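The block underneath contains the structure these notes are about, expressed in structure tokens.
Since we're looking at a predicted model, the values are computed, not measured. Naming convention: chains lettered A, B, ... in sequence-line order (proteins, then strands); numbering from 1 in each chain.
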Protein chains: 2
Amino acid sequence: MNSLIEENYLKALFSYANDQGEVSVKDLSEKLDIKMPTVTSMMKKLSTKGLVQYTSYKPIKLTAKGRKAAGIIIRKHRLTEMYLVEKMGFGWENVHEIAEQMEHVKSPDLFDRMDELLDHPKHDPHGSPIPDKNGKVDWINYPKLSECKVGDRVRLAAVVNSSADFLSFLNKRELQLDTEMELVSVEPFDNSMIVSYHDKPNETLSLLVSEKLLVEVISSLDSNQQSP
Amino acid sequence: MNSLIEENYLKALFSYANDQGEVSVKDLSEKLDIKMPTVTSMMKKLSTKGLVQYTSYKPIKLTAKGRKAAGIIIRKHRLTEMYLVEKMGFGWENVHEIAEQMEHVKSPDLFDRMDELLDHPKHDPHGSPIPDKNGKVDWINYPKLSECKVGDRVRLAAVVNSSADFLSFLNKRELQLDTEMELVSVEPFDNSMIVSYHDKPNETLSLLVSEKLLVEVISSLDSNQQSP
DNA sequence: GTATATTGTTAGACGCATCTAACAAAATTA
DNA sequence: TAATTTTGTTAGATGCGTCTAACAATATAC
């Protein structure tokens, strides 16, 4: 099997891939906080193992095998997060660190059991989709709240950032997954948004926040989306 | 904190200590399947860290600090085993391997939560005591079934071996923790025992098995235990 | 109490994942 | 397109945990 270290590279390659499925050495290096030469040499190793497609000076891509391996790790991470929230009473802001460790546990049975006890959840507590047992994930491309228009009625579908700080911020504002909001107005100066939800008629969300909230648009004021 | 590797040394030192709390380099080496020179050098390292008391050519002993660290690891292991059995429906024969990995997870909260959800269990699914949050364990010194006398009525309190093979063997014979048995007879030739329990009037247990079963004696035929 | 066997240590090497320093290729800017 | 910046690679070193080979101390046997 792959070592913990290799698994972290695979996960990063999976998570930070662009639309072509590619990641640069520099990006990987920064995300993992590992210097570039180290990344280069690890890419050679993973390439030998058939997990990545690597050619000098070209961006890195996971092979089908590597994508599957990475998907399974992410499946374990997200199932764990869901289990911790749903079955053990943890808050969504406190599960990432634990899942980060549990994702490396080698026991298909453990995670299958979580999946079963959770009734085969489709997404984790942060709205991210849970890959299937083959590591395959079908991604719904939700827009960011920041891209929505005044008058849009939306449902909070996922958050882009799972840091405890950010999630605690949302907790304080009583913003949960599935909360329905209406975009009241946008401040042109700083692109902050005023939204209404629950019993809150006008909460202000900075651009930094609205960019991290992925939403499903339920209804829109103007039905024509694009017209020049 | 201590690395996974250090943790495994600490656990072994804790588990294989004799009545003086000592372990030889040779024993550690064999239990961990690591060559003696490697053990020696690791002992120097752990000694520097104040976790073991080590002098050349002398047996090794955990310090109070080391004992606490080891106890906490074992606490995590045993809580996990109990959680897997009680809350996730695993059989007692399938939890050791998983707990072996989970015991290294750094998250006091996770194990505190298990402890709470399990209502502060005193022992794991194999009857081994669960150390408290300070790593302290109070050990009840149960006798082996093999040391009991004909006519003794006993309760299965713990098993000494947690291998899947052994536990599956007990499953097949419907022997669980807390099963009450009566020692019917002992075969002088091979010291195998015939015991009765549940609806089984005479099950044969080899010496190899009866040595691995720790029991609480409920009643004995002759009340005088020792008389020359 | 010496000889032998067992146990433990020292010395030196190795693989892995990491680093820094120096260099090379590719991309960007002028 | 030439100069410069950015990105990536090569070479060589380091720390960790491991090993084997050789030697040393302790325990056991005779």
Side-chain angles (χ1 to χ4, degrees), chain A residues 1-14 16-62 66 69-70 73 100-101 103-104 106, chain B residues 1-14 16-62 66 69-70 73 100-101 103-104 106:
Chain A
M1 251 319 125
N2 310 310
S3 74
L4 184 149
I5 285 163
E6 285 173 13
E7 290 192 352
N8 284 335
Y9 279 89
L10 291 176
K11 196 170 46 130
L13 283 165
F14 190 101
Y16 302 117
N18 64 16
D19 26 339
Q20 266 93 204
E22 299 173 335
V23 186
S24 68
V25 172
K26 176 139 190 290
D27 279 6
L28 244 199
S29 163
E30 280 169 358
K31 303 296 184 187
L32 290 170
D33 195 23
I34 285 173
K35 296 292 181 290
M36 288 205 293
T38 310
V39 170
T40 299
S41 68
M42 184 57 77
M43 288 312 105
K44 287 178 180 168
K45 180 180 172 188
L46 294 182
S47 172
T48 309
K49 288 196 165 191
L51 293 163
V52 308
Q53 192 180 308
Y54 169 74
T55 322
S56 284
Y57 298 106
K58 291 274 168 63
I60 308 149
K61 233 177 143 172
L62 286 169
I73 298 163
E100 201 72 9
Q101 300 179 65
E103 72 191 7
H104 301 293
K106 263 119 193 111
Chain B
M1 255 315 124
N2 310 311
S3 75
L4 185 148
I5 284 163
E6 287 172 11
E7 290 192 352
N8 285 334
Y9 279 89
L10 292 175
K11 197 170 45 130
L13 283 164
F14 190 102
Y16 301 117
N18 65 15
D19 25 339
Q20 266 91 206
E22 298 173 336
V23 186
S24 69
V25 172
K26 174 136 191 293
D27 280 7
L28 246 198
S29 163
E30 279 169 358
K31 303 296 185 188
L32 290 170
D33 195 23
I34 285 174
K35 295 292 179 289
M36 287 204 295
T38 309
V39 171
T40 298
S41 69
M42 185 57 77
M43 288 312 105
K44 288 179 180 167
K45 180 180 173 188
L46 294 182
S47 173
T48 309
K49 287 195 166 193
L51 293 163
V52 309
Q53 193 179 307
Y54 169 74
T55 323
S56 284
Y57 298 106
K58 292 274 169 59
I60 308 149
K61 235 178 142 172
L62 286 170
I73 297 163
E100 202 71 10
Q101 299 180 64
E103 72 193 6
H104 301 294
K106 263 120 193 109

Just so I know, are the side chains of [X] and [Y] near enough to count as touching, which here means a heavy-atom distance under 4.5 Å?
{"X": "Asn8(A)", "Y": "His104(A)", "answer": "yes"}
{"X": "Glu103(B)", "Y": "Glu7(B)", "answer": "no"}
{"X": "Met42(A)", "Y": "Ile5(A)", "answer": "yes"}

Taking for each residue the nucleotide of DNA chain C bearing the nearest heavy atom, is the 5' side occupied by Tyr9(A) or by Tyr57(A)?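 Between the two, 5'-proximity favours Tyr9(A).
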Does Ser41(A) reach a base, just sugar-phosphate, or nothing at all? Heavy atoms under 4.0 Å.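 Ser41(A): base contact, heavy atoms under 4.0 Å.
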Within the 4.0 Å heavy-atom criterion, would you say Lys44(A) contacts the bases, only the backbone, or no part of the nucleic acid?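 It contacts sugar-phosphate atoms only.
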Chain B contact limits on DNA chain C, taken 5' to 3' with a cut-off of 4.0 angstrom to heavy atoms: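 Range of nucleotides touched by chain B: dT7(C) to dT10(C).
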Should Leu28(A) and Met43(A) be marked as a side-chain contact (heavy atoms from CB on, under 4.5 Å) after you check the CA-CA gap, both sets of side-chain angles, and the distance that decides it? CA-CA 10 Å; Leu28(A) 244 199; Met43(A) 288 312 105; 3.7 Å; yes
Interatomic distance where NZ belongs to Lys26(A) and P belongs to dT7(D) [whole Å]: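 After rounding, the gap between these two atoms is 4 Å.
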Quick one, which residues of residues 30-38 of chain B touch DNA chain D with a heavy atom under 4.0 Å?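 Here the set is Ile34(B), Lys35(B), Pro37(B), Thr38(B).
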Please enumerate all protein N or O atoms sitting under 3.5 Å from an N or O of nucleotides 13-16 of chain D, with distances to 0.1 Å.
none

Lys58(B) with Glu22(B): basic N within carboxylate O range, under 4.0 Å: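 No, no charged N to carboxylate O under 4.0 Å.
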Does the pair Glu30(A)/Lys26(A) count as a salt bridge with the N-to-O cut at 4.0 Å?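 Here Glu30(A) pairs with Lys26(A) in a salt bridge, since their nearest N and O are under 4.0 Å apart.
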What's the separation between atom [atom1] in [X] and atom [atom2] in [Y], rounded to the nearest 0.5 Å?
{"X": "Lys11(A)", "Y": "Glu100(A)", "atom1": "NZ", "atom2": "CD", "value": "3.5 Å"}
{"X": "Tyr16(B)", "Y": "Ile60(B)", "atom1": "OH", "atom2": "CD1", "value": "14.0 Å"}
{"X": "Lys61(B)", "Y": "Leu13(B)", "atom1": "NZ", "atom2": "CG", "value": "12.5 Å"}

Go through it in stages, so that I can follow the logic: the residues are Tyr9(A) and Ile34(A), the test is side-chain contact (heavy atoms from CB on, under 4.5 Å), and I'd like the CA-CA distance, side-chain angles, deciding distance and then a yes or no. CA-CA 10 Å; Tyr9(A) 279 89; Ile34(A) 285 173; 3.5 Å; yes
